[in-house]
Amino acid sequence: MDRDKMLSNPKETIRVIQENGFTFQKRFGQNFLIDDYVIDKIIRASDIGPDSEVLEIGPGIGTLTQHLAENAGRVVAVEIDTKLIPILEKTLQEYDNVEVINGDIMKQDIGAIFEGRSFSIVANLPYYITTPIIMSLLESRVPAETITVMIQKEVADRMQASPGSKDYGALSLAVQYYSEPYLAANVPPNCFIPRPNVGSAVIRLKILKQPPVSVKDEKHMFSLIRAAFNQRRKTLVNAVRNYEGLAYEREEIEDALTKLGYDVRIRGEALDLEGFAKLSDALMIPA
């Protein structure tokens with residue numbers, strides 16, 4: 001398609017919006033991309049090609065979808081807003097390799113859509129539901145090779161943060177347990193209609209075939225992680241001891257930390273993923 005006629009041209013986006021009488025829904029967190037350069041960054045970061053199958057979440061009016069269709073073999077776009085479906089039928093009518101599903105991504109059987117084949121996820125995600133969507137995809141271990149998404153800059157910073165930094169927390173550890181994050185681009189508000197109130201970023205998560213650490217019980221480890229950052233100013237001992245669902249006495253936690261070579265006054269933000277895995281194993285009650 002002629003680039004001037006694609007939706008990444010702001011004039012074309014405005015024409016489609018006005019022609020279809022579309023109004024933005026705050027409850028869906030809709031901000032449409034209108035920048036060719038940023039979209040090219042997303043495509044390059046996703047590393048898709050003619051043989052790739054792609055899942056797009058929240059295509060909107062089809063701006064990113066058009067570029068995905070030009071570069072990938074197959075695109076499945078899941079859109080929750082029923083009012084956008086007839087618009088997508090028009091804006092994507094030139095592409096026979098695109099399938100649009102009207103539904104909630106959190107309720108889709110993604111594995112069934114791709115019949116067990118590996119695929120890539122590319123999306124301009126609604127900011128209000130970014131973390132639940134990404135964690136659902138990671139924890140369910142869908143056979144995705146990469147997840148390349150536009151998200152709030154603050155969230156992207158947290159995903160790739162290292163121990164000891166202000167952005168480091170439970171999200172950092174969870175994302176880095178399942179994937180290898182790479183910040184591909186920072187994106188200013190003027191690249192969207194309407195403009196969001198915050199900066200954005202494109203981040204690629206390369207899904208790991210195996211977690212970077214070994215742990216006896218993932219669920220237990222992530223309970224410890226959530227406890228550690230629930231009240232991050234507290235020492236790890238106090239945070240874990242007072243956390244609902246973890247029934248440990250102070251002495252048990254202090255003994256485990258001491259055996260691992262940690263100061264009993266350490267805070268959770270000082271431990272890396274391996275540290276939490278070792279602490280989790282040390283606290284597990286023998287069968």
Side-chain angles (χ1 to χ4, degrees), residues 106-107 125 127-144 147 149 151-183 203 205-287:
M106 302 289 276
K107 298 177 181 177
L125 287 180
Y127 295 164
Y128 78 98
I129 199 171
T130 292
T131 301
I133 288 176
I134 289 179
M135 290 314 305
S136 174
L137 293 169
L138 293 175
E139 289 172 352
S140 61
R141 287 188 163 90
V142 294
I147 300 175
V149 286
I151 60 176
Q152 189 173 336
K153 174 69 164 62
E154 177 187 336
V155 178
D157 288 340
R158 286 163 52 202
M159 287 182 177
Q160 61 166 1
S162 301
S165 68
K166 66 179 179 63
D167 295 317
Y168 185 66
L171 181 62
S172 318
L173 287 153
V175 167
Q176 292 168 34
Y177 181 76
Y178 294 106
S179 69
E180 181 181 311
Y182 164 71
L183 186 66
I203 194 165
L205 308 179
K206 183 178 180 181
I207 307 303
L208 299 171
K209 295 192 184 324
Q210 293 291 334
V213 298
S214 176
V215 65
K216 293 176 184 175
D217 189 323
E218 285 181 9
K219 186 177 178 181
H220 182 257
M221 180 182 71
F222 281 113
S223 290
L224 285 175
I225 290 171
R226 284 192 295 273
F229 292 98
N230 186 51
Q231 294 178 295
R232 62 186 299 147
R233 292 188 178 183
K234 287 190 173 184
T235 64
L236 189 57
V237 171
N238 286 332
V240 170
R241 187 170 63 89
N242 297 321
Y243 193 72
E244 185 178 352
L246 292 173
Y248 293 112
E249 297 295 332
R250 173 183 292 275
E251 291 74 17
E252 293 178 275
I253 308 166
E254 289 181 345
D255 285 348
L257 286 170
T258 300
K259 287 176 183 176
L260 294 172
Y262 293 118
D263 189 312
V264 295
R265 296 166 296 179
I266 197 170
R267 293 180 180 177
E269 62 195 39
L271 263 66
D272 60 8
L273 193 53
E274 184 177 9
F276 275 107
K278 288 180 176 179
L279 179 61
S280 176
D281 286 354
L283 286 171
M284 289 292 290
I285 300 173

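Distance check, rounded to the nearest 0.5 Å: NZ of K206 to OH of Y182 gives 13.0 Å. I225 CD1 to F229 CZ: the interatomic distance, rounded to the nearest 0.5 Å, is 7.5 Å. Going from atom CE of M221 over to atom CG of L224 covers 9.0 Å, rounded to the nearest 0.5 Å. For the atom pair NZ of K166 and CZ of R158, the computed distance is 10.5 Å after rounding to the nearest 0.5 Å. The distance from the CG atom of L137 to the CD atom of E139 is 10.0 Å, given to the nearest 0.5 Å. Note that NZ of K278 is 11.5 Å distant from CG of L273, once rounded to the nearest 0.5 Å.
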Worked verdict on I147 versus L138 for side-chain contact (heavy atoms from CB on, under 4.5 Å): CA-CA 9 Å; I147 300 175; L138 293 175; 4.0 Å; yes
Give the C-alpha distance, both sets of side-chain angles, the deciding distance and a yes or no for side-chain contact (heavy atoms from CB on, under 4.5 Å) between L246 and H220. CA-CA 9 Å; L246 292 173; H220 182 257; 4.3 Å; yes
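The pair K153-D157 meets the salt-bridge criterion, since a charged nitrogen lies less than 4.0 angstrom from a carboxylate oxygen. Checked for salt-bridge contact, D217 and K219 miss the test: no charged N lies under 4.0 Å from a carboxylate O.
With hydrogens and angles disregarded, a donor-acceptor distance shorter than 3.5 Å links the side chain of N242 to the backbone of N238. Distance alone, capped at 3.5 Å, places no donor-acceptor pair between the S179 side chain and the Q176 backbone. T235 places no side-chain N or O within 3.5 Å of a backbone atom of I266 that could act as its donor or acceptor partner. Here the side chain of S140 pairs a donor or acceptor atom with the backbone of S136 at under 3.5 angstrom. Listed for the D281 side chain is a donor-acceptor partner under 3.5 Å among the backbone atoms of K216.
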Could you list the donor-acceptor pairs under 3.5 angstrom formed between side-chain atoms of residues 127-135 and any protein atom two or more places apart in sequence or on another chain?
from	atom 1	to	atom 2	distance (Å)
Y127	OH	S200	OG	2.3
Y128	OH	R27	O	3.2
T130	OG1	P126	O	3.1

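Checked against side-chain contact (heavy atoms from CB on, under 4.5 Å), Q231 has the following partners two or more places apart in sequence or in another chain: K234. Residues passing the ring pair (Phe, Tyr, Trp, His ring centres under 6.0 Å) test with F276, sequence neighbours excluded: none.
Scanning both residues, P163 and A270, for their nearest heavy atoms gives CB-O, 4.2 Å. In terms of heavy atoms, L205 sits closest to P181 at CD2-CB, 3.7 Å. In terms of heavy atoms, Y168 sits closest to L173 at OH-CD2, 3.1 Å. Here the shortest heavy-atom pairing between A156 and I203 reads O-CD1, 3.8 Å. Scanning both residues, S165 and A161, for their nearest heavy atoms gives OG-CB, 3.6 Å. Nearest heavy atom pair, residue R250 against residue R241, reads NH2-NH2, 3.2 Å.
E218 and Y177 form a side-chain donor-acceptor contact under 3.5 Å, judged by distance and modelled atom types alone.
A 4.5 Å side-chain heavy-atom check between V264 and L236 finds every atom pair outside the cut-off. No side-chain heavy atom of L279 sits less than 4.5 Å from a side-chain heavy atom of Y262. Contact annotation: the side chain of R267 never approaches that of R232 to less than 4.5 Å [non-hydrogen atoms, C-beta and beyond].
For Y248 and Y243, the ring centers sit 6.0 Å or farther from each other.
In R233, the CZ atom is not crowded: 12 or fewer heavy atoms of neighbouring residues, nucleotides or ligands sit closer than 6.0 Å. Other residues, nucleotides and ligands place no more than 12 heavy atoms under 6.0 Å from the CZ atom of R265.
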